[in-house]
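Structure, as structure tokens:
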Amino acid sequence: MVEDRPLLNLLAHLVLIVGVAVVAMPLWIAFVASTHGPNDFMSGVVPILPGPHLVENYSRMFSTGVSTSGMPPVGRMLLNSAIMALSISIGKIAISILSAFAIVYFRFPLRMLAFWVIFATLMLPVEVRIVPTYKVVADLGLLNTYAGLSIPLIASATATFLFRQLFLTMPDELTEAARIDGAGPMKFFRDILLPLSRTNIAALFVIMFIYGWNQYLWPLLVTTSSDKYTIVAGIKRMADVADAQPQWHLVMATAILAVLPPLLVVVLMQRLFVKGLVETEK
Amino acid sequence: MKRALFGNRLLPWLLLAPQLAVTAIFFLWPAAQAIRQSFLREDAFGLSTSFVGLANYAALWGSAEYLNAVRVTAIFAVATTLLSLGVALVLALAVDRLVRAGKVYTTLLVWPYAVAPAVAGILWWFIFNPTVGLLPYVLDRVGYDWNHLMRPRDAMILVVLASAWSRISYCFLFFVAGLQSIPQSLHEAAAIDGAGPVKRFFTITLPLLSPTTFFLLVVNIVYAMFETFGVIDATTEGGPAQSTNIMVYKVWFDGFIGQNLGSSAAQSVILMLIVIALTVIQFRWIEKRVAY
Amino acid sequence: MARITLNGVGKVYPGGTRAVGGVDLDVADGEFVVLVGPSGCGKSTLLRMIAGLETITEGTVSIGDRVVNDIEPAGRDIAMVFQNYALYPHMSVRQNLAYGLKNRRTPAAEIARRVDEAARMLELAPYLDRKPRQLSGGQRQRVAMGRAIVREPAAFLFDEPLSNLDAKLRGVMRWEIKTLQRRLATTAIYVTHDQVEAMTLGDRLVVLNGGRVEQIGTPLEVYRRPASVFVAGFIGSTPMNLVRSDVLPGLARPGTTVGIRPEDLVPSPDGALSMQVSGIEELGVSRLVHGVIGGERVSVVVPPDFQPSEPLRLSVRPGAMHLFDAATGLRREGS
């Protein structure tokens with residue numbers, strides 16, 4: 001800020017307060033709804049303050065779930081989401097860091113071809129090859145498995161490029177010193193490169209965890225048995241009851257639970273999250 | 001370019017193997033299948049397939065439904081992009097002005113990123129629900145009868161709002177980073193040259209922010225076109241009367257629900273070309289940014 | 001400890017660019033040899049070929065009795081100190097020192113003994129548990145030295161290890177490196193572009209230019225009898241004056257370049273040379289007078305209070321003239 005203009009500062013505060021309110025409003029309403037009973041919505045006046053049924057609604061979601069729509073208890077779905085998100089994020093990081101290591105630290109025939117093959121994944125989001133990819137997973141017998149949920153999503157050009165960029169900035173002398181110190185390629189990778197990539201791995205993990213947790217279309221397709229439902233894909237099935245109003249208080253409780261894990265990750269690891277976000281896009 | 005290299009020949013391939021395997025099995029092979037399938041047509045019982053050349057594409061060209069999807073996608077993508085960019089820019093400018101308090105606001109503004117597009121859809125679906133939602137209740141007071149189940153325009157507004165909302169934090173963070181990378185000395189020099197805050201915004205901030213803006217424009221169009229499947233599916237499911245049936249949703253619907261594999265594959269190929277074009281634009285831009 | 005022998009060593013890059021050619025060098029056991037030359041002269045490439053970090057495309061390098069051309073750096077029994085130190089940033093000083101020994105499966109007790117000894121020698125003991133970023137430039141330099149010492153290698157290779165330090169610290173560290181090498185009596189090859197460093201450190205200098213050896217000799221030999229115009233101009237804190245022979249009265253030898261060090265030109269009222277003075281540089285301990293004799297630029301070192309007359313008459317110290325072939329740049333014998 002160059003000069004002190006109290007009026008402009010006031011305006012900035014005002015804009016931000018309105019912004020925060022708009023941004024927060026949907027989640028607040030969801031939270032409020034999740035603390036009311038089923039009949040509080042029919043009265044015509046929508047509540048804007050929390051009601052008394054918080055414990056009741058959430059414990060019901062955890063114990064029985066909404067059996068009418070064939071949903072498992074929410075704990076099961078949270079577990080499935082966690083397994084999927086962790087497999088995707090860890091898998092992406094693992095295969096990407098190895099590929100980047102190969103591409104940066106070795107010279108071998110067809111190296112550029114490998115690079116472009118990885119690059120190609122950037123241009124093929126799951127949404128545009130959905131039917132044939134589904135068929136591959138079905139043919140491999142991976143429907144309704146955690147492997148089917150996660151493995152098709154772990155190829156990552158962005159993560160590979162991020163690590164490539166990072167490795168290119170590592171001083172050559174470090175590699176040479178390690179070679180003189182008797183470290184072969186894998187020892188160098190484990191002892192030097194991996195520890196030095198720690199913060200980037202953590203930042204990437206935050207981004208990829210959210211990416212994995214928030215998957216929707218893919219789990220919707222590959223899971224047909226309710227014990228493999230993930231929570232994000234499950235909510236829709238819950239809200240989708242034919243010819244009746246959904247049980248909004250329970251749907252919203254589920255929504256809050258679906259949002260909570262990635263939300264905690266973003267808020268608690270904000271610095272890593274911002275780093276990861278800005279860097280993966282470079 | 002690295003000077004320090006390892007000499008092994010086999011090891012790099014072992015290191016690349018997992019990534020290349022996943023890419024080949026789940027990316028390249030399906031993509032090739034989609035392209036092949038787009039030239040084929042199955043009979044009604046799926047018993048025989050025949051090569052039909054570009055007939056699937058030609059059918060799309062003549063299909064009012066598909067052309068409608070293209071139009072809807074364009075409106076949806078542009079509206080979502082502009083709305084999220086505009087709001088994010090205003091918020092970023094305000095945060096940039098308030099040095100210390102800005103950090104607190106940032107924390108309060110980043111978390112919609114954590115909300116899955118599908119969940120965002122559900123939340124807004126609930127807020128706008130004609131019988132139990134808060135906003136129709138408020139709108140009713142000012143004399144507007146909101147109904148996204150019946151009225152196409154309301155449905156479009158709903159999906160745009162939900163999609164833009166879940167994108168605000170992303171754009172916001174990039175704008176903040178972009179604003180912080182503009183040297184303070186430039187603002188000071190302009191102030192000494194007699195430019196007030198508004199003039200400085202248009203002559204200094206906006207031009208220097210243009211790489212960020214352009215980048216976000218491309219990335220958000222990609223987002224709106226491909227990653228909002230969840231928003232649509234969790235809310236309008238393309239309705240009412242096809243008014244929110246974006247291309248990605250139609251590919252899925254025609255492929256899985258309609259079982260029209262040839263048409264779905266042709267649509268996939270068209271979407272692929274669009275992503276490739278957008279990716280090329282984005283990477284061109286990155287090269288330019290280096291020279292900037 | 002070992003002698004290092006280079007036989008016709010050369011390096012041609014895949015593109016065809018030649019970096020180094022035909023270097024023959026014999027480094028005695030315990031000797032301190034300095035490779036010196038301007039940037040791009042191939043001195044670092046030569047050192048890196050000895051280390052095994054660059055492939056050798058011509059000739060052979062032997063360390064001890066072994067030809068090491070095809071041996072990995074780790075197998076050559078050498079230790080290297082890098083210009084930017086190349087300390088592992090995530091490891092403590094102790095871990096940095098121990099890493100190479102661990103990779104060689106040295107017993108833990110032996111590692112501890114050597115690390116402690118090196119730390120004592122280099123006064124690093126209080127810093128053993130710090131990370132490199134918590135150390136000053138000089139301390140990092142010492143850790144880099146320590147990492148070489150603990151290995152007890154056959155030879156130390158130094159690649160411009162002092163150029164990241166400020167001038168004062170550089171002088172101190174120079175002295176430390178010299179005494180340490182004397183104490184350990186380990187063969188050392190040291191690369192620098194700084195001729196002062198080269199003169200003060202080396203038992204022998206190898207002056208390189210354009211990938212070729214210009215001269216090999218002790219610092220005094222190189223200073224007193226430069227083998228070429230290039231060496232004459234490169235070695236010496238103020239560059240040697242190089243003029244056409246006909247500038248000097250009574251010495252008209254066609255095709256000859258004459259070299260005279262600025263300190264070998266003495267102001268004297270009846271001197272044979274007459275210089276147009278163009279400026280004076282104050283060096284504190286002396287003054288450097290710049291001017292022109294017979295159309296050639298010349299500098300002269302004079303005492304600090306000396307006020308040059310205009311023109312300044314000069315005579316040449318007896319026996320201080322170096323004669324070079326103007327065409328080849330090589331020293332003419334008999335000068």
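Just so it is clear, the structure is predicted and the values come from calculations on it, not from any experiment. Just so we're on the same page: letters track the sequence lines, and every chain starts at 1.
With contacts defined as side-chain heavy-atom distances shorter than 4.5 Å, the pair Gln19(B)/Ile154(A) does not qualify. In this structure the side chain of Val131(A) reaches within 4.5 angstrom of the side chain of Leu261(B), judged on heavy atoms. The shortest side-chain heavy-atom distance between Leu11(B) and Met186(A) falls under the 4.5 Å cut-off. Between Val136(A) and Trp29(B) there is a side-chain heavy-atom pair separated by less than 4.5 Å. Looking at heavy atoms from C-beta onward, Leu221(A) lies in side-chain contact with Trp252(B) at the 4.5 angstrom threshold. Looking only at side-chain heavy atoms (C-beta outward), Gln37(B) and Pro132(A) stay at 4.5 Å or farther from each other. When side chains are defined from C-beta on, Lys236(A) counts as touching Glu237(B), because their heavy atoms get closer than 4.5 Å. Residues Ile103(A) and Leu16(B) have side chains in contact (heavy-atom distance under 4.5 Å, counting atoms from C-beta outward).
Both the backbone and the side chain of Met170(A) come within contact range of chain B, with heavy atoms under 4.5 Å apart. Contacts of Leu11(A) with chain B are absent, with no heavy-atom separation under 4.5 Å from either backbone or side chain. For a residue to count as touching a neighbouring chain, one of its non-hydrogen atoms must lie under 4.5 Å from one of that chain's; by this rule Val115(B) touches chain A with backbone and side chain alike. When heavy atoms are compared at a cutoff of 4.5 Å, Ala120(A) approaches chain B solely by way of its side chain, counted from C-beta outward. For Pro125(A), the part lying under 4.5 angstrom from a heavy atom of chain B is the side chain only. Using a 4.5 Å cut-off between heavy atoms, Ile231(A) makes no contact with chain B at all. The contact between Phe188(A) and chain B is made entirely by side chain atoms (from C-beta outward), counting heavy-atom distances below 4.5 Å. Looking at Pro261(A), there are no atoms closer than 4.5 Å to chain B (heavy atoms on both sides), in backbone or side chain. Heavy atoms closer than 4.5 Å to chain A are found in both the backbone and the side chain of Ile276(B). For Ala101(B), the part lying under 4.5 angstrom from a heavy atom of chain A is the side chain only. Residue Leu20(B) touches chain A through its side chain alone, counting heavy-atom pairs closer than 4.5 Å. Contact annotation for Leu91(B): both backbone and side-chain heavy atoms come within less than 4.5 Å of a heavy atom of chain A. At a 4.5 Å heavy-atom cutoff, Ser169(B) makes no contact with chain A through either its backbone or its side chain. Proximity to chain A (any heavy atom under 4.5 Å) is shown, for Thr107(B), by both the backbone and the side chain. Proximity to chain B (any heavy atom under 4.5 Å) is restricted, for Ile210(A), to the side chain, taken from C-beta onward. Residue Ala24(A) touches chain B through both its backbone and its side chain, counting heavy-atom pairs closer than 4.5 Å. At a 4.5 Å heavy-atom cutoff, the contact between Phe119(A) and chain B is made by side-chain atoms alone. With a 4.5 angstrom heavy-atom cutoff, Trp111(B) touches chain A via backbone and side-chain atoms both. For Ile122(B), the parts lying under 4.5 angstrom from a heavy atom of chain A are both the backbone and the side chain. Both the backbone and the side chain of Val95(B) come within contact range of chain A, judged by heavy atoms closer than 4.5 Å.
Considering only residues two or more places apart in sequence or on other chains, Glu173(A) meets the salt bridge (charged side-chain N to carboxylate O under 4.0 Å, His left out) condition with Arg3(B). With sequence neighbours left out, Arg179(A) forms a salt bridge (charged side-chain N to carboxylate O under 4.0 Å, His left out) with Glu72(C).
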**Q.** side-chain contact (heavy atoms from CB on, under 4.5 Å) assessment of Ile29(A) paired with Leu134(B)
**A.** CA-CA 8 Å; Ile29(A) 290 179; Leu134(B) 176 69; 3.3 Å; yes
Q) So Leu15(B) and Phe106(A), side-chain contact (heavy atoms from CB on, under 4.5 Å) or not? Walk me through it. A) CA-CA 11 Å; Leu15(B) 294 167; Phe106(A) 296 85; 3.9 Å; yes
Q: Would you please test His13(A) and Tyr105(B) for side-chain contact (heavy atoms from CB on, under 4.5 Å) and show each step?
A: CA-CA 9 Å; His13(A) 278 289; Tyr105(B) 286 118; 2.9 Å; yes
Q: Please test Leu109(B) against Leu16(A) for side-chain contact (heavy atoms from CB on, under 4.5 Å), starting from the C-alpha separation and ending with a verdict.
A: CA-CA 9 Å; Leu109(B) 286 170; Leu16(A) 285 168; 3.9 Å; yes
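Note: Phe273(A) and Tyr113(B) have tilted aromatic rings, judged against thresholds of 30 and 60 degrees for the angle between ring planes. Note: Phe256(B) and Tyr134(A) have perpendicular aromatic rings, judged against thresholds of 30 and 60 degrees for the angle between ring planes.
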